[in-house]
Amino acid sequence: MRYWLVKSEPSTYSIHDFEEEKVAIWDGVRNYQARNFLMQMEPGDLVLFYHSNAKPPGVVGLARVRRARVVDPTQFDPDSPYYDPKSNLDRPRWITAELEHVETFPQMVPLSELRERFSPEELILLRRGNRLSVVPVPEAVFKEIVRLAHEA
DNA sequence: GCCAACGTTGGC
DNA sequence: GCCAACGTTGGC
């Protein structure tokens with residue numbers, strides 16, 4: 001059982017979109033390091049949902065891995081912005097996971113608070129220049145973030 | 001809107 | 001294989 005954080009721009013796909021849809025294939029990730037993390041996800045893993053490019057940016061909800069190592073269908077769709085002509089059906093290049101919505105937090109945990117409470121060493125998200133849209137989160141950090149999201 | 005950081009592309 | 005140019009991410 002592992003813990004993760006995924007980023008999404010709310011203007012593209014927000015926690016509210018996810019709450020309505022309930023289940024989503026986490027498609028469109030086109031970075032090998034992020035993909036390698038996606039491929040390590042297992043059913044039952046818990047995933048923090050982070051709004052990037054938002055005002056303010058921060059952790060806004062919780063998801064759970066429903067299916068592991070799902071082929072990202074958008075890589076084969078010429079009409080998709082995520083189409084990858086170099087991928088092929090026999091050896092798909094982009095593998096992801098299917099997530100289910102667990103909770104939209106009663107209060108978001110903004111990036112500024114994450115910076116106050118955690119170090120860049122323990123939370124990859126905080127490392128300078130980090131652009132990975134999928135990162136692992138240590139259990140203790142995960143639990144603390146969930147606690148903060150429910151604090152009165 | 002700015003710009004630092006980073007990834008990718010393509011000429012050589 | 002190197003690396004300059006370019007594109008993207010994402011906080012501010």
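Lettering follows sequence order; numbering is per chain, from 1.
- Judged by closest nucleotide on DNA chain B, A/G129 is the one of A/G129 and A/K86 placed further toward the 5' end.
- Between A/D84 and A/R93 a salt bridge is recorded (basic side-chain N to carboxylate O distance below 4.0 Å).
- Taking the six-membered ring for Trp and thresholds of 30 and 60 degrees, A/F18 and A/Y13 have ring planes inclined between 30 and 60 degrees apart.
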In sequence, state the C-alpha distance, the side-chain angles, and the governing distance for A/R30 and A/T74, and then conclude on side-chain hydrogen bond (donor to acceptor under 3.5 Å, both in side chains). CA-CA 11 Å; A/R30 293 294 178 267; A/T74 62; 3.0 Å; yes
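- Rounded to an integer number of Å, the gap from CZ of A/R128 to C1' of B/dC6 is 11 Å.
- To the nearest angstrom, P of B/dC6 lies 14 Å from CD1 of A/I124.
- Electrostatic pairing of A/R69 and A/E42 counts as a salt bridge here, judged by a charged N lying under 4.0 Å from a carboxylate O.
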Pairs: protein N or O with nucleotides 9-12 of chain C N or O, under 3.5 Å:
| unit_1 | atom_1 | unit_2 | atom_2 | d |
| --- | --- | --- | --- | --- |
| C/dG10 | OP1 | A/K7 | NZ | 2.9 |
| C/dG10 | OP1 | A/R131 | O | 3.1 |
| C/dG11 | OP1 | A/Y50 | OH | 2.7 |
| C/dG11 | OP2 | A/N53 | N | 2.9 |

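- A/L89 and A/Y82 end up in different hydrophobic clusters when Ile, Leu, Val, Met, Phe, Trp and Tyr side chains are linked at under 4.5 Å.
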